[in-house]
Colleague: 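I am attaching a structure below and will ask some questions about it afterwards.
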Amino acid sequence: MQVISSSFAFEHNLCETMPCLERCTNQKELKQIHARMLKSGLMQDSYAMKKFLSFCISSSTSSYAQNVFDAFDRPDTFLWNLMIRGFSSSHEPERSILLYHRMLCCSAPHNEYTFPFLLKACSNLSAFEETKQIHAQITKFGYGNDVYAVNSLINSYAVTGNFKLAHLLFERIPKPDAVSWNSVIKGYTKAGKMDIALTLFRKMPEKKNAVSWTTMISGYVQAGMNKEALQLFHEMQNSDVEPDNVSLANALSACAQLGALEQGKWIHSYVNKRRIRIDSVLCCVLIDMYAKCGEMEEALGVFKNMKKKSVQVWTALISGYAYHGLGREAIGKFMEMQKMGVKPNVITFTAALTACSYAGLVEEGKSLFYSMERDYNLKPTIEHYGCMVDLLGRAGLLDEAKCIIQKMPLKPNTVIWGALLKACQIHKNIELGEEIGEILIKMDPNHGGRYVHKAKIHAMGKKWDKAAETRRLMKEKGVAKVPGCSTISLEGTTHEFLAGDRSHVEIERIQYKWRTVRKKLEEHGYVPELEDMLLLVDDEEREAIVHQHSEKLAITYGLIKTKPGTTLRIMKNLRVCKDCHRVTKLISKIYKRDIIMRDRTRFHHFRDGKCSCGDYW
DNA sequence: CTAGGGTTAG
């Protein structure tokens, strides 16, 4: 091999080759660049080598990187570290650990950089045993006082769920820095111990940085404490730390969960005003926030403005269409994404299948499901089987749904059985439903909803004794049903209503208004639909309860508080019952209101007496 | 060199 000695030629080659690497999109091009580098002697240059290897690893051609590296005679510590770092955040972090093992075998020297990279791999693998072993190595080789090594250890223990070990190490640091604090806090948030995390966060003597704030905010989001997350985000804005794209993405997740459109919009405009770069993650959460707040048009706008759309961005939009029952649009985007050369992943399939299921597109769903393994080499997961059972079950194809469960290579979970049970309820298959109800209670004895569903299916079959027995069992176990709760946002404030709750300050006015509304409904032929209220024997009692359902209170309040024609936005924690669905359709017609209701799983857009779900939910 | 981030079935 001819080595070019002139430094000019060398620089020249470097400048020519590197941009090619940046643009390189496939293995063939990569090989060409490799060949060129070999020929021009660039492989001797540590900068070029580093660039080349990093690229190979990051573009999931890591086996190629491994081969190139293996061809090296005596890699120096820098190169070993580079490889360990590269693999630590690849899709195969275990390769970092294997490399370190090889290092030990050939007694290649490590340095203080080696262990933080190695521990990054452990964190990404959530590997506790390996973390402990590396901990021993760190102590043995005398890096026990290196703040980088110790901080990495704290972090690895934190993400593997060992907050006690993380805290122990933290307390032994003479002068913990912000990274030490943030890592130990992470340990508590990861374990769901938000109170301890907050105490530590408040005690931080170091200046809190954006990571500190975001660690807490994301901890709250993961714990489902979205209100607390937004409260802290608010506090962050009053501090001297500017929120960056990661903090904003977390705050937006909280908005999405809460359906807090106004706050979400505010964050979006903040992003635009501050010219914060919308990367793939931020784009995903913006789409998700608008979709979960009922604004598909806005979601689509964000999507269209994004230049380089990752598979996750496409998936976020497809999921959005799914919640809104827009199956055709979802499939359209699924096709379009492939035309653009983006490959769907397993989550994309879950989203697309959900869309088919909610929209009743049975044939489309089936063909998507069968294409997964055949055309995309993706093995269906339990989620996909869940979608299929739901798709077939809803459509009344109970035998086919059962067949899927019998044939699938995975153990059915409560979601699978739950989907089939729901199908039994819709299509009144009492016998099968009772059987599944029993299975679900066995799998989930402390879940109140399981008893309610089983009692319901007994009642549907007029087996009152069995229904009463199930209810008695539920009482005995002391498991309660989650109470229905609806919220309506009016001018940025959220009003909450619980089923049968009389604590609202304007409850008298609401009750009065409801009586008028009800009269109007009756003039339009409304008769209370009590099918979902099978647990009570007395019709009057059933009626009284159904009329205090939280969504009715929220809508009534909305009618009082807004100008005619204003769209009402309601959110509910459970699925909407048949009677409420019917009533809402009628109200949308009689009062000429658009009503957008987000239920536990999906959206209902009511307009002029019809609902976007086509009564298929 | 170490710390914070995404889309998913009911």
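Each chain gets a letter, A, B and so on, in the order its sequence line appears, and its residues count up from 1.
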Colleague: Taking only N and O in the side chain of N155(A), is any of them less than 4.0 Å away from OP1 or OP2 of dT2(B)?
Modeller: no

Colleague: It should be established whether K120(A) places a side-chain nitrogen or oxygen under 4.0 Å from OP1 or OP2 of nucleotide dC1(B).
Modeller: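 No, outside the criterion.
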
Colleague: For K304(A) and E336(A): C-alpha separation, side-chain torsions, deciding distance, then whether salt bridge (charged side-chain N to carboxylate O under 4.0 Å, His left out) applies.
Modeller: CA-CA 13 Å; K304(A) 282 185 175 157; E336(A) 200 183 318; over 6 Å; no

Colleague: Does K309(A) qualify as a cation-pi partner of F303(A), given the criterion of NZ or CZ under 6.0 Å from the six-membered ring centre and within 45 degrees of its axis?
Modeller: yes

Colleague: Choosing from dC1(B), dA3(B), dG5(B), which nucleotide comes nearest the side chain of F117(A)?
Modeller: dC1(B)

Colleague: Taking CG from N250(A) and P from dG4(B), how many angstroms apart are they, rounded to a whole number?
Modeller: 11 Å

Colleague: Distance check needed: dA9(B) P versus N345(A) CG, whole Å only.
Modeller: 13 Å

Colleague: Do D177(A) side-chain and dA3(B) base share a donor-acceptor contact under 3.5 Å?
Modeller: no

Colleague: NA contact type, T114(A), heavy-atom cut-off 4.0 Å: base, sugar-phosphate, or nothing?
Modeller: nothing

Colleague: By nearest atom, which of the nucleotides dG4(B), dA3(B), dG6(B) is closest to the T215(A) side chain?
Modeller: dG4(B)

Colleague: Check whether the side chain of D288(A) and the base of dG6(B) form a donor-acceptor pair under 3.5 Å.
Modeller: no

Colleague: How long is the line joining CG of D146(A) and C1' of dC1(B), in whole Å?
Modeller: 9 Å

Colleague: Would you classify D599(A) as touching base, sugar-phosphate or nothing, given that sugar-phosphate means primed atoms plus P, OP1 and OP2, and contacts are heavy atoms under 4.0 Å?
Modeller: nothing

Colleague: Which listed nucleotide (dC1(B), dT8(B), dG5(B)) is nearest to the side chain of I347(A)?
Modeller: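 It is dT8(B).
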
Colleague: Please check the phosphate of dT2(B) (OP1 and OP2 only) for any side-chain N or O of R85(A) closer than 4.0 Å.
Modeller: no

Colleague: For Y323(A), does the six-membered ring have the charged nitrogen or CZ of K292(A) within the cation-pi criterion, i.e. under 6.0 angstrom from the centroid and within 45° of the normal?
Modeller: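 No; the conditions do not both hold, so K292(A) does not lie above the ring face of Y323(A).
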
Colleague: Atom CE of M388(A) to atom C1' of dG10(B): distance rounded to whole Å?
Modeller: 16 Å

Colleague: Figure out the CZ/P separation between F78(A) and dC1(B), and round it to whole Å.
Modeller: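 Roughly 10 Å, once rounded to whole Å.
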
Colleague: May I ask you to verify if any side-chain N or O of K292(A) is less than 4.0 angstrom from the OP1 or OP2 atom of dT8(B)?
Modeller: yes

Colleague: In terms of side-chain heavy atoms of C284(A), which of dT8(B), dG6(B), dG4(B) is nearest?
Modeller: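 Closest of the options to the side chain of C284(A): dG6(B).
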
Colleague: State which of dA9(B), dA3(B), dG5(B) makes the closest approach to the side chain of V246(A).
Modeller: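 Nearest to the side-chain atoms of V246(A), counting from C-beta on, is dG5(B).
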
Colleague: Rounded to whole angstroms, how far apart are NZ on K186(A) and P on dG4(B)?
Modeller: 4 Å

Colleague: Check every atom of dA3(B), dT8(B), dC1(B) against the side chain of E383(A) and return the nucleotide holding the closest atom.
Modeller: dT8(B)

Colleague: Atom CG of N81(A) and atom P of dT2(B): how far apart are they, to the nearest Å?
Modeller: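 Result: 11 Å.
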
Colleague: Hey, does A322(A) reach any base, or is it just sugar-phosphate, or nothing, if we go heavy atoms under 4.0 Å?
Modeller: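 Since no nucleic acid heavy atom lies under 4.0 Å of A322(A), the category is nothing.
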
Colleague: Would you say N250(A)'s side chain and T214(A)'s backbone share a donor-acceptor pair under 3.5 angstrom?
Modeller: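 No, N250(A) side chain to T214(A) backbone: no donor-acceptor pair under 3.5 Å.
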
Colleague: Report yes or no: does R575(A) contribute a side-chain atom to a donor-acceptor pair with the main-chain N or O of W617(A) at less than 3.5 Å?
Modeller: yes

Colleague: Of the nucleotides dC1(B), dT2(B), dT7(B), which has the atom closest to the E112(A) side chain?
Modeller: dC1(B)

Colleague: State which of dG6(B), dG4(B), dA9(B) makes the closest approach to the side chain of T214(A).
Modeller: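 Of all the options, the side chain of T214(A) is nearest to dG4(B).
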
Colleague: Nearest to the N151(A) side chain among dG4(B), dT2(B), dT8(B), which nucleotide is it?
Modeller: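 Of dG4(B), dT2(B), dT8(B), dT2(B) is nearest to the side chain of N151(A).
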
Colleague: Name the nucleic acid region contacted by R602(A), choosing base, sugar-phosphate or nothing; use a 4.0 angstrom heavy-atom cut-off, strictly under.
Modeller: nothing

Colleague: Starting at CZ of F334(A) and ending at P of dT7(B), how long is that distance when rounded to a whole Å?
Modeller: 19 Å

Colleague: At 4.0 Å (heavy atoms only), tell me whether L282(A) reaches a base, stays on the sugar-phosphate, or touches nothing.
Modeller: base

Colleague: Is the shortest distance from a Lys or Arg side-chain nitrogen in K366(A) or E400(A) to a carboxylate oxygen in the other one below 4.0 Å?
Modeller: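 A salt bridge links K366(A) with E400(A).
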
Colleague: Just compare dT8(B), dC1(B), dA9(B) and give me whichever is closest to any side-chain atom of V415(A).
Modeller: dA9(B)

Colleague: Under 4.0 Å, counting only non-hydrogen atoms across every strand here, what does N111(A) touch: a base, just sugar-phosphate, or nothing?
Modeller: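 Touches nothing.
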
Colleague: Do the ring centers of W181(A) and F170(A) come within less than 6.0 Å of each other?
Modeller: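 Distance test on ring centres: under 6.0 Å, yes.
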
Colleague: With hydrogens left out and only the distance checked, is there a donor-acceptor pair under 3.5 Å joining S310(A)'s side chain and the base of dG6(B)?
Modeller: yes

